[in-house]
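Below, chains carry the letters A, B, ... as their sequence lines are ordered, and counting in each starts from 1.
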Amino acid sequence: MFKQKYLSIAVTVFLFAVMFLAGSFRYTGFFSLQVILNLLIDNAFLLIVAVGMTFVIVTGGIDLSVGSVIALTTMMSASLVQEHGWPPAVVIPLMLVIGSLFGWVMGAIIHYFKIQPFIVTLAGMFLARGLCYVISINTITIDDAFYTKMAQTKIHLPGGSFISISVIIALVVIAAGIYIAHYTRLGRNIYALGGSEQSALLMGLPVARTKIAVYTLSGFCSALAGVVFTFYMLSGYGLHAMGLELDAIASVVIGGTLLTGGVGYIFGTFFGVLIQGVIQTIISFEGTLSSWWTKIVIGLLLFLFILFQRVLSARQATQKL
Amino acid sequence: NNNNAEPSKQAAASSAAPSSEAPASEAAAPADQQITMGFAQVGAESGWRTANTDSIQSAAKEAGVDLKFSDAQQKQENQIKAIRSYIQQKVDVIAFSPVVESGWDTVLKEAKDAGIPVILTDRAVDSKDTSLYVTFMGSDFVEEGRMAGAWLAEQYKDATEDVNIVELQGTTGSAPANDRKAGFEEKIAGNAHLKVIASQTGDFTRAKGKEVMQAFLKANKDIDVLYAHNDDMALGAIQAIEAAGLKPGVDIKIISVDGVKDGMTAAAEGKINYIVECNPLLGPLLMQTAKDMLAGKEVPKRIVTPDGTFTSEQAKEALPNRKY
Amino acid sequence: MSTVDGQEREPILQMSGIYKHFPGVKALNNVSFRLFPGEVHALMGENGAGKSTLIKVLTGVYSIDQGAVTLSGRHVAIHSPLEAQAAGISTVYQEVNLCPNLTVAENIFIGREPRRFGRILWKEMNRKAEQLLRERLQLGIDVTQPLYMYSVAIQQLVAIARALNISAKVLILDEPTSSLDRNEVEQLFKIMRKLKEDGLAILFVTHFLDQVYEISERITILRNGEFVGEYEAAQLPRIELVSKMIGKELELLGELPKAGGEGRAEAKESLIEAIGLGRKGAIEPFDLLIGKGEVVSLAGLLGSGRTEMARLFFGADRPDQGQLLLKDSPGAVHSPRQAIDAGIAFCPENRKTEGIIDDLTVRENIVLAMQATRGWMRRIPRKKQDELADQYIKALNINPPNPEHLVKNLSGGNQQKVILARWLLTQPKLLILDEPTRGIDVGAKAEIQKLVLSLARQGMSVLFVSSELEEVVRVSDRIVVLRDRKKVKEMQEDIGQQQVMQAIAGG
Amino acid sequence: MRIHKHHLFWPLAMLAALLLFNLFYSPEEFYTVQVRNGHLYGTLIDILNFGAPLILVAIGMTVVIATGGIDLSVGSIVAISGAMACLTISKGADQDALGLLAEAIALSIGIALLLGLWNGLLVSVIGIQPIIATLILMVAGRGIAQLITSGQIITVTSDRYGYIGSGSLLGLPFSIFIVVAVFAVAVLLTRRTALGLFIESVGRNPSASRLAGIRSRYVLIAVYLFCGLCAAIAGLILSSNVSSADGNNAGLWYELDAILAVVIGGTSLTGGRFYLTGTLIGALIIQTLTTTIYMIGVPPEITLVVKAFVVLVVCLIQSETFRKTLVQRWQTRRYPAEREVAKHV
Ligand SMILES: Nc1ncnc2c1ncn2[C@@H]1O[C@H](COP(=O)(O)OP(=O)(O)OP(=O)(O)O)[C@@H](O)[C@H]1O
Ligand SMILES: Nc1ncnc2c1ncn2[C@@H]1O[C@H](COP(=O)(O)OP(=O)(O)OP(=O)(O)O)[C@@H](O)[C@H]1O
Ligand SMILES: [Mg+2]
Ligand SMILES: [Mg+2]
């Protein structure tokens with residue numbers, strides 16, 4: 001039996017394919033493996049952040065700090081590697097720890113003091129962004145050999161196309177995300193929490209631990225995305241990843257996750273990111289849009305996509321909940 | 001330095017690109033096959049930027065260049081993505097105004113591997129490997145700051161009392177803000193009487209410029225000079241100064257950067273004392289350079305578009321034929 | 001542990017001198033409670049007496065203001081349901097507290113999923129869940145479906161299955177039977193007896209007196225948050241139990257006028273008629289006519305389609321065939337709003353998700369439907385609102401009688417009364433009641449039944465759905481029997497429980 | 001009922017604390033109010049004047065949030081309305097003509113209402129999650145604003161138009177009167193009619209509301225319409241204040257500040273109960289904080305850090321659990337605080 005719950009994902013994947021094919025018919029050079037791979041290369045960091053974000057949103061929360069944490073990670077990495085000469089082998093794990101810690105603190109505040117996640121993570125967003133400027137308001141370029149290598153190594157695939165190391169990292173994170181979500185207790189507790197926090201508590205689930213873990217996980221993902229972003233940009237800069245939180249949230253929601261919590265799939269998020277990427281690629285292949293028409297068309301494409309998604313999975317929507 | 005107040009666009013172009021004797025005949029060579037140029041613009045964050053975009057788009061049309069334009073909405077990631085897609089589309093030349101200087105090596109290397117030459121406009125990149133791009137044309141933000149500072153230092157070189165300066169910075173961390181601040185500070189450092197007593201970001205906008213200036217006026221009794229990183233903030237600040245019952249340009253001297261039309265008008269009215277121009281009309285020069293380059297000509301690594309400066313008088317003269 | 005005689009055994013659980021207050025309410029006031037191994041102990045009291053609060057205090061949902069708890073002779077301080085479970089207390093809370101988005105199997109096993117190397121074994125989990133439901137509760141449903149697909153009754157059974165699956169010393173069941181019908185209750189009692197024999201201590205809350213006497217040895221009674229006493233069930237006659245619960249002699253019990261009494265059986269003018277009304281997957285097309293001032297009941301087993309039928313009458317679900325004819329007003333009924341305008345009211349079965357607006361006050365909840373019919377422009381003046389709220393708080397005996405109390409802080413039974421008040425206020429022509437007496441105490445239940453009958457006498461029609469046959473038989477003029485989502489029978493004359501049961505069973 | 005139980009107590013306390021801080025830090029600069037050119041002049045007046053657009057947007061946002069939604073597009077609507085008005089006026093021969101002014105205002109408010117309707121339809125009829133539904137307009141709306149202005153800043157020289165945002169009436173900024181009017185209308189609409197009740201019940205429990213006969217569709221459309229209207233008026237004030245329209249920057253990140261104001265005011269993002277007065281105070285807190293940062297000369301590099309801490313402190317203080325924890329730590333060490341707090345209700 002074709003389960004109801006997979007319908008919305010199937011619709012999402014289908015619409016992605018439609019968009020890609022439409023682009024292929026319209027633009028020369030669009031229909032190639034490398035264009036798809038570029039979606040991954042250019043959105044590796046977004047994929048990673050979106051995995052963390054999916055977990056947060058599934059619990060019914062939200063994390064606005066992700067973009068800033070990415071910027072902070074690039075800034076700290078650049079500063080430590082470049083200006084203080086620390087080895088990447090120390091810096092990268094350190095970043096991951098700091099990111100997780102950042103998330104942990106936010107999670108603890110959210111849970112223990114019962115403050116709305118939106119606000120706590122908004123403060124986190126201000127704080128992380130602000131700390132970047134405290135380190136430096138200028139950009140710091142990284143020319144460390146390891147970072148450069150990570151940035152520029154191409155992994156060749158048959159057919160002359162290639163991907164970057166960051167893509168591998170992102171795919172691993174996706175796979176790990178799916179595993180955690182569906183095959184571990186933590187994952188199921190996250191879904192339970194999103195379904196009903198009160199019930200989760202009464203069912204004797206470790207609500208505090210789960211909630212804090214989710215924000216820690218998101219902090220970790222942000223930091224890892226920050227590391228990948230550092231590879232991508234080879235620089236630290238306080239204005240990096242501006243507004244990325246909205247892209248991440250949009251990807252998650254486009255992928256079929258409900259902001260009210262309890263429902264959502266990492267796999268859907270994966271396609272949510274790709275769909276945003278395809279929209280952008282279409283725009284740059286179009287190449288004749290003025291700045292404002294660019295925005296309007298992005299909005300329109302997003303609207304059409306969501307409209308079709310709604311219409312095609314309407315059967316599910318009429319279900320009582 | 002600050003006296004070449006009347007740079008004609010054409011003059012700048014021909015003097016900067018040394019090998020453009022007769023553009024019409026040169027254009028013949030690549031005209032057989034149309035040039036496709038991918039241009040990755042920063043965004044449309046200001047009137048200045050829009051003028052820049054307009055100039056490039058209309059110049060491309062005139063020069064018969066097939067322009068692929070994309071708007072990165074102030075995000076470096078988006079610019080990188082756009083450049084990747086240009087590589088994918090196998091354009092003949094890629095041009096872009098980097099959002100920031102750093103972080104371009106990877107994608108530029110991909111362009112180089114694909115054999116596509118790259119032209120930077122408006123802002124440089126800080127790659128060690130200068131073979132990654134063919135040329136960089138555009139203004140120099142630090143230099144703009146220096147010009148502003150130099151004028152001020154000159155005005156107050158005989159000052160015996162402290163001169164209180166307030167500064168309206170651009171968006172925190174953005175390259176023009178950082179550089180215009182640095183250049184300015186460099187030039188006024190020599191005079192101990194020139195003191196920046198307050199400095200705050202006005203996000204390059206009129207509304208913020210006005211709001212911050214209002215606060216400055218309340219918090220500081222005696223402001224002599226305002227240095228704004230762009231005209232828009234200066235224009236907002238002028239309204240705040242007028243609301244406080246002071247005369248902009250007289251009670252408080254105002255220096256700003258950009259030279260957009262509204263700014264020039266204010267300067268002509270004597271409300272802005274000194275404007276450092278930052279010229280957005282790079283289009284014709286860019287197209288010319290691209291054609292030259294593809295025709296196999298030698299192109300200099302750095303093409304400077306000289307920035308003009310305007311005092312009130314000069315602004316009055318220049319105003320009638322300002323286009324943007 | 002000596003097991004000579006009830007009084008000398010050592011209690012496995014002892015709560016003494018428990019105090020708990022909420023802003024404005026003394027929910028528990030010096031309450032004591034003992035529970036012995038191998039007994040079923042009923043906790044009794046009116047709506048809002050503090051039963052659920054005592055349970056929540058015990059299992060660490062609320063903190064205790066004052067008082068001591070000993071478990072197996074040791075002092076314990078339980079701070080969360082998680083700790084309660086670890087200490088061997090397994091609980092089914094009053095309102096179904098499960099995660100609607102998870103599958104049935106997960107709801108049973110979450111937190112204790114079968115795993116290998118940390119990886120959840122889904123197949124095994126589903127298999128076990130299915131087995132558990134089938135073998136112990138005789139419930140054969142698809143356990144891989146999300147829980148929200150099922151009715152409250154099924155959800156309640158799932159909650160019970162979850163609690164049974166925890167190996168515990170103490171089992172707490174807070175009104176587990178409120179939405180179950182006789183068969184399910186029988187099944188549950190069978191399991192409880194078995195567990196009792198195994199030495200488990202069971203705390204059982206219900207408002208059904210029959211059930212209390214059927215299964216429990218001892219009874220503790222609370223009234224208004226105060227401890228009234230602990231009794232042997234055998235030595236406490238029914239009348240006395242009730243009067244102890246409500247604090248005065250109860251005379252109305254058993255004196256309800258029977259349905260079909262004088263002046264009621266006359267030929268009825270019809271009010272509303274369903275012709276071939278049906279909805280795929282929910283209920284097969286049926287015809288049903290409800291007359292003015294008539295009480296029609298729907299009877300059937302779990303999942304027989306009673307709720308679905310009721311919802312179609314209200315336009316809560318869209319029928320995909322047939323039509324609904326209103327005799328007075330020509331308008332069609334496609335949405336609850338149109339139904340209300342046509343004079344229909346509907347108390348849904350799941351009060352938590354479809355009934356109350358939990359963050360609003362009692363007053364606001366009461367006036368909501370009436371206000372909706374008046375439109376947003378014609379706001380009911382505040383003074384009028386207060387009057388109406390007060391009137392119905394008194395009429396239905398809602399406790400605490402404070403119209404500005406948040407509904408979410410009311411006890412379950414009182415919430416039900418608030419919803420009832422909401423609909424009575426609109427003075428409907430047809431009142432649809434889906435399990436209206438669910439979780440309502442004896443006194444109030446009798447009040448509601450009386451109300452239904454007196455409303456009918458005044459000309460209001462009632463469509464009544466209840467799992468309690470006794471109640472159904474008592475109030476109805478006509479009983480419609482459903483089986484497997486199909487209307488199978490309509491009974492008008494001589495309704496007795498026995499006949500109805502036979503019809504339901506397919507006789 | 002004790003005073004500190006009132007839902008406005010803590011927001012007010014935070015505002016008072018900020019004002020108190022200024023009283024000690026820069027009493028003269030902050031509190032001096034003089035009469036200049038016949039109107040009041042001083043920092044407090046500035047706060048009200050510059051806070052006006054934020055308050056307006058936040059009022060609209062409050063009712064949207066009360067229905068369990070969110071409107072990310074307010075910033076774009078602010079830009080569009082300003083752009084539309086300035087474009088209309090700049091095209092006129094006599095920029096001060098009353099008819100032209102009326103046309104400009106009507107046009108921009110009309111467009112904003114259309115956009116609000118669009119949001120409302122997406123949310124209520126098509127059933128798209130509010131955050132995404134309004135994200136569409138947030139992105140496209142900036143484009144529309146720039147399309148209107150052709151990417152340029154449109155400057156107008158109409159004194160009449162300038163009056164909206166920087167004129168003064170009875171010595172006070174005119175914008176304050178607009179705010180008072182809109183606030184009064186909002187309060188009247190929600191508390192003197194049944195709209196408030198409908199909004200709260202739809203926000204808290206949509207399915208129960210439907211069964212109670214509330215037409216939630218209309219309620220949703222109404223709140224997004226109202227939110228669009230508020231944003232449009234804010235856009236008029238903002239653009240009139242600087243006599244120009246900036247399609248790209250006007251109202252940038254307003255949505256975040258507005259949401260912050262709403263939350264500080266005590267309204268929960270999950271919908272249900274809403275507090276317009278709380279929102280008003282929340283917006284004033286934000287504006288006072290911004291102005292304070294300018295006044296005391298916090299360097300722009302650490303502005304965000306300061307803002308982060310203030311936001312966090314404001315929210316912590318408002319958190320009842322946090323206050324209890326503090327008190328408990330203070331009074332007794334019998335229970336580990338965390339455990340007490342961990343207990344949910
Ligand atoms: N969280 C709360 N906040 C405030 N008051 C509460 C809260 N929970 C319960 N109460 C009040 O405590 C009293 C006892 O409620 P409780 O739920 O224990 O009653 P009950 O005996 O279980 O009733 P019922 O039979 O209706 O379930 C009621 O008056 C109720 O209003
Ligand atoms: N025994 C069952 N097997 C499978 N599904 C069931 C069963 N009982 C109920 N359900 C599910 O629960 C839903 C609700 O059933 P319905 O509302 O018709 O029950 P009901 O007749 O009103 O009885 P009650 O109100 O006592 O649950 C149905 O949609 C059905 O999917
Ligand atoms: Mg109870
Ligand atoms: Mg039912």
Worksheet entry | Which portion of D/L137 sits near chain A, non-hydrogen atoms under 4.5 angstrom | neither
Item to complete: Go through the atoms of A/T257 and report whether side chain, backbone, both or neither lie under 4.5 Å from a heavy atom of chain D.
Response: backbone
Worksheet item: For the atom pair CG (D/L260) and CG (A/L122), what is the distance rounded to the nearest 0.5 Å?
Response: 5.5 Å
Fill in: Inter-chain contacts: residues 296-304 of chain A against chain D, heavy atoms under 4.5 Å
A/I296, A/I298, A/G299, A/L302, A/F303
Discussion item. Is it the case that the side chain of D/S319 and the backbone of A/F113 share a donor-acceptor pair, with hydrogens and angles ignored and the cut-off at 3.5 Å?
Written reply: yes
Worksheet entry | Interface residues of residues 269-278 of chain A facing chain D - heavy atom cut-off under 4.5 Å | none
Discussion item. Please check this pair: side chain of A/Q116 against backbone of D/L269, looking for a donor-acceptor N/O pair closer than 3.5 Å.
Written reply: yes
Response to the item:
Most heavy-atom pairs under 4.5 Å with chain A, out of D/G151, D/P299, D/G247, belong to D/G151
Discussion item. Out of A/L202, A/V134, A/I119, return the one with the most heavy atom pairs under 4.5 angstrom to chain D.
Written reply: A/I119
Worksheet entry | Those residues that, when tested against D/R273, pass salt bridge (charged side-chain N to carboxylate O under 4.0 Å, His left out) (two or more places apart) | C/E364, D/E200
Item to complete: Measure D/S268 against the heavy atoms of chain A and call it side chain, backbone, both or neither at under 4.5 Å.
Response: both
Worksheet entry | Test item: D/Q129 side-chain N/O and A/L259 main-chain N/O as donor-acceptor pair under 3.5 Å | yes
Worksheet item: At what distance, to the nearest 0.5 angstrom, does CD1 of A/I306 lie from CG of D/L122?
Response: 8.5 Å
Discussion item. Counting C-beta onward and ignoring hydrogens, is there a side-chain heavy-atom pair between A/L246 and D/M138 closer than 4.5 Å?
Written reply: yes
Worksheet item: To the nearest 0.5 Å, how far apart are CG in D/L147 and CH2 in A/W293?
Response: 5.5 Å
Practice prompt. Evaluate side chain to side chain contact (heavy atoms under 4.5 Å, CB included) for D/L316 paired with A/I109, printing each intermediate quantity in order.
Written response: CA-CA 9 Å; D/L316 280 177; A/I109 294 177; 4.2 Å; yes
Discussion item. Minimum heavy-atom separation for A/Y133 and D/E301, please, with both atom names.
Written reply: CB-O, 3.3 Å
Discussion item. Within this structure, what is the CG-CD1 distance for the pair D/L135 and A/I249, rounded to the nearest 0.5 Å?
Written reply: 9.0 Å
Worksheet item: Looking at A/G130, A/A250, A/G243, which has the largest count of heavy-atom pairs under 4.5 Å with chain D?
Response: A/G130
Worksheet, complete the sentence: Most heavy-atom pairs under 4.5 Å with chain A, out of D/V310, D/L256, D/T270, D/I302, belong to D/L256
Worksheet, complete the sentence: Contact list (residues 61-72 of chain D to chain A, heavy-atom gap under 4.5 Å, by number) returns D/I70, D/L72
Worksheet item: So do A/L127 and D/L304 actually touch side chain to side chain, heavy atoms under 4.5 Å?
Response: no
Fill in: Separation between CZ of A/F305 and CD1 of D/I132, rounded to the nearest 0.5 Å
10.0 Å
Worksheet item: To the nearest 0.5 Å, what is the distance between CD1 (A/I110) and SG (D/C315)?
Response: 11.0 Å
Worksheet item: Taking side chain as C-beta onward, heavy atoms only, is D/I259 less than 4.5 Å from A/F118?
Response: yes
